[in-house]
Amino acid sequence: MHTEDVLAALTTGMWRWDSASASVHLDSEAARLLGLPAEPVTLTEAALRARFHPVDWVELMSAGQLSVDENRVAEARVRVVDGTGTVLRTVRNRSRLLVVDGGQRLVGTFQEVLEPPPGTSETRAPAGDRRRSREAFLLDAGRALAEASSTSEVLRVVSGLSMPGFEPTGMAVLGVEAGRVTIIGHYGHRPEDREPFLTLTVDGDHPPGEVVRTGQAVYLPSPDAYRRRFPAAWRLTERFNRRSWAFLPLVRAGVVTGVWMAAFDHPVAFTPDDRSVLSTIARMLAQALSRASVHESERELSAGLQRSMLPAAKPDIPGLTVAARYVPTGGGLQVGGDWYDVIDLPSGRTALVIGDVQGHDVRAAGLMGQLRIALRAYASEGHHPDAVLSRASRFLAGLAESGHEPEQSYDPRFATCLYVEVDPVGGVLNVARAGHSDPAIRLPDGTMITRPTAGGLPLGIDPDTDYPITRIHLDIGETLLMCTDGLIETGGHDLETGWERIRRVCEAHPWRDGAGCLETLADALLQAVLGPASHHTTGPLPDRREDDIALLLISRDAEVCVVGPGGSPSRRTAMAVAQTEPERVAECRRQLRELLHDWDDPDRVESAVLLLCELVTNVLVHTESDALLLAEVSGPPGRRVLRLDVADGSDELPHRRHPGELAASGRGLLLLETLADAWGVDPRGNGKGIWFQLYERPAQPPATPAGPAQPPDSPAAPGTAGEAGGV
């Protein structure tokens, strides 16, 4: 009797898949089972697909792919339909990959299923329902593994997987390193259970070793199967009381890099459907571990670069408290061009540097490292701030030119920088600025005022640029803020709205002295920019969160801060307006508005600004000296008093004038008498000072008189505008 006759008697037909022609050869019994004439036939893939239920065709293809991947018999139960879609019968398909004459061939059998096995028809879900349940599970598992960014997160996701129809009670992820099998993570085992498995080798007689050597999965459906195949390993595993095990390879770029073990407390037959689910999870797990390994390597690299480019320890400056923060960009290697530095100078002073190299890539980070070293070297030689920035600009320009190669596109970079030389004893700050945003001063009551400083072009643009020095005095209780534009503009803010956001944070922050207050203020500023609240306070521009952030806060140490009447901290600002810089009058107006930003009456603020312009402009027009402005606000909210003093080097006092209706000047005294609550002239040894007081509320008397007001007809205080006295 021929083999074909025996198979026909068992209602079993044979088929062979030809991958070259994408056709299937059926014997006569297989053709009959598929509803065709009982004779050998060759069908195309489309013709074969038409003989099966559409849902079960997916099962059939999955079984064939599984037999190819694992080189073992795969099984699936499928329904045969006719041309109208009516189900004719159910057949069981078994397939396996064979090597014939050095080539691979997929062969299989169709056997009619006359009746379902006992206990199967009532409990087993239809193939379509199982497929949908499996696909939903795999989609959820794939999404969760794709979102895991670290090895620990991947292991947590795997330990929480609940597979349809069977749930592992123990899992382990094993890695391969230097010929040994190591445990990366496990679930469902106690920590002490790891000990017997810490000495496994790849060539040992145990399931993980065989998986690594062969690249094929190992399924052990029962303890007897485990004991027969791996007797030595069974002695270590027996005490866990598991009933079934699956060991699957974790393959990356065609190389087995690990093993995933799933153990069950109940017997599992590991049907083709079960194996398909497990093998799919293993492939997704291998990809997730690969991505997590790359991300962790990038984070480790970026953290190392960041540590090497920032000060090694927290700055310790006698007389000053310093808080510093650096937050890299969220993309790439998380390394950009922002940096800060604290440098001890030969003079005993300290230099504070903050800057930003153009770009957010590896080249920007490299240039930043070189520029930081150059700035530190120039500063350590004892150069003044303007000389340090001039040399750094020439260095960066020369670095860009020397790195240019003819075959590469020329990509010059520039850098902004703010360099501050600090005298902790006197609180004097010598500031040089290269295209960077101005520093800001936080007054003791929380008011934030930007300090306009002279500056030059960013570093690296023009090697011959000058960087003038601006001198600022930092009073006790005041805090200097230096930052890169990431702190200001992140979240769609521009320069104006960004500073407004920073001002709100500073005002809301509790006012007290000490390092702890400065650290919490730095955290509050970052939280306002990067925290969840920032998503609801975006600015007028498109949201931008890819910029780095560098932040420095410097405060003078003191036990008692400067306070005004009633224990409220006072706020003050000072500026100098040179004869050659009349444009700084606009900066004076902005400074005063920032000083009075929370006053109740906007008209009083505008009156103060008008009087300021009148006094400063008269100094520039009618004297040959510079104007020195000092404004101070004291008193509790609602009863605050503004005292503004404008000094010049002219000894000639103002005189009253009586301008006509068409006169363009001579009305300054009238403005002072009309708008100011008190005013006067203080002669000094070298020049004079003209001052006025303005109450926050018109009818409110001053909390503490700043000085006796001169009567309007006093010889010391007649007239203002248009006089040679400069008022």
Please give me the minimum heavy-atom distance between [X] and [Y], naming the atom from each residue.
X: Leu459; Y: Cys417; answer: CD1-CB, 3.8 Å
X: Cys483; Y: Leu487; answer: CB-CD2, 3.7 Å
X: Ala627; Y: Val619; answer: CB-CG1, 3.6 Å
X: Tyr419; Y: Ala379; answer: OH-CB, 3.3 Å
X: Pro458; Y: Ser393; answer: O-OG, 4.4 Å
X: Asn618; Y: Glu614; answer: ND2-O, 2.5 Å

Residues two or more places apart in sequence or in another chain: which of them pass side chain to side chain contact (heavy atoms under 4.5 Å, CB included) with Asp494?
->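 Per chain and number, Asp494 pairs via side chain to side chain contact (heavy atoms under 4.5 Å, CB included) with Glu496, Thr497, Pro540, Leu541.
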Classify the side-chain pair [X]/[Y] by whether it contains a donor and acceptor separated by less than 3.5 Å.
X: Asp338; Y: Thr484; result: yes
X: Glu594; Y: Thr450; result: yes
X: Arg503; Y: Thr447; result: no

Let me confirm one number: the [atom1]-[atom2] distance from [X] to [Y], rounded to the nearest 0.5 Å.
X: Asp523; Y: Arg325; atom1: CG; atom2: CZ; result: 4.5 Å
X: Ile461; Y: Leu396; atom1: CD1; atom2: CG; result: 9.5 Å
X: Ile502; Y: Leu521; atom1: CD1; atom2: CG; result: 10.0 Å
X: Phe692; Y: Leu615; atom1: CZ; atom2: CG; result: 6.0 Å
X: Arg349; Y: Asn430; atom1: CZ; atom2: CG; result: 6.0 Å
X: Ser437; Y: Trp499; atom1: OG; atom2: CH2; result: 5.5 Å

Check the surroundings of atom [atom1] in [X]: do more than 12 heavy atoms from other residues, nucleotides or ligands lie under 6.0 Å from it?
X: Arg590; atom1: CZ; answer: yes
X: Glu624; atom1: CD; answer: no
X: His383; atom1: NE2; answer: yes

Give a yes or no answer on whether the side chain of [X] reaches the backbone of [Y] with a donor-acceptor pair at less than 3.5 Å.
X: Arg451; Y: Ala440; answer: no
X: Thr416; Y: Gly435; answer: no
X: Gln693; Y: Leu642; answer: no
X: Tyr467; Y: Val388; answer: no
X: Thr465; Y: Asp462; answer: yes

Are [X] and [Y] within salt-bridge range, i.e. N to O under 4.0 Å?
X: Arg697; Y: Asp600; answer: yes
X: Arg376; Y: Asp341; answer: yes
X: Asp677; Y: Arg604; answer: yes
X: Arg433; Y: Asp438; answer: yes

4.5 Å side-chain heavy-atom contact, [X] and [Y]:
X: Val431; Y: Leu418; answer: yes
X: Ile449; Y: Gln591; answer: yes
X: Glu673; Y: Trp679; answer: yes
X: Leu481; Y: Ile441; answer: no
X: Leu518; Y: Thr479; answer: yes
X: Thr573; Y: Leu592; answer: no
X: Val420; Y: Met482; answer: yes
X: Leu630; Y: Leu644; answer: no

Dump the intermediate steps for side-chain hydrogen bond (donor to acceptor under 3.5 Å, both in side chains) on Arg643 and Ser634, then the final yes or no.
-> CA-CA 8 Å; Arg643 179 183 171 94; Ser634 59; over 6 Å; no
Ile472 and Thr453: CA distance, side-chain angles, deciding distance, side chain to side chain contact (heavy atoms under 4.5 Å, CB included) verdict | CA-CA 9 Å; Ile472 299 176; Thr453 57; 3.9 Å; yes
Could you please spell out the steps behind the salt bridge (Lys or Arg N to Asp or Glu O under 4.0 Å) verdict for Arg501 and Glu489?
-> CA-CA 10 Å; Arg501 176 174 56 180; Glu489 299 176 356; over 6 Å; no
Could you go step by step and tell me if Asp648 and Lys688 meet the salt bridge (Lys or Arg N to Asp or Glu O under 4.0 Å) rule?
-> CA-CA 6 Å; Asp648 60 70; Lys688 64 181 179 300; 3.0 Å; yes
Run the numbers on Leu694 and Val641 for side chain to side chain contact (heavy atoms under 4.5 Å, CB included), then give the verdict.
-> CA-CA 6 Å; Leu694 202 65; Val641 178; over 6 Å; no
Test side-chain contact (heavy atoms from CB on, under 4.5 Å) applied to Thr350 and Ile343, Leu320, Leu345, Val342, the passing residue |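 Between Thr350 and the candidates, side-chain contact (heavy atoms from CB on, under 4.5 Å) is satisfied uniquely by Val342.
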Derivation of the side chain to side chain contact (heavy atoms under 4.5 Å, CB included) call for Ser555 and Arg442 = CA-CA 9 Å; Ser555 178; Arg442 178 185 183 267; over 6 Å; no
With a 3.5 Å cut-off and sequence neighbours excluded, list the donor-acceptor pairs that the side chains of residues 582-589 form with protein atoms.
| from | atom 1 | to | atom 2 | distance (Å) |
| --- | --- | --- | --- | --- |
| Arg584 | NE | Ala576 | O | 3.2 |
| Arg584 | NH1 | Glu587 | OE1 | 3.3 |

Where do Trp599 and Arg640 land on the side chain to side chain contact (heavy atoms under 4.5 Å, CB included) test, with the steps shown first?
-> CA-CA 9 Å; Trp599 273 34; Arg640 285 173 288 200; 3.9 Å; yes
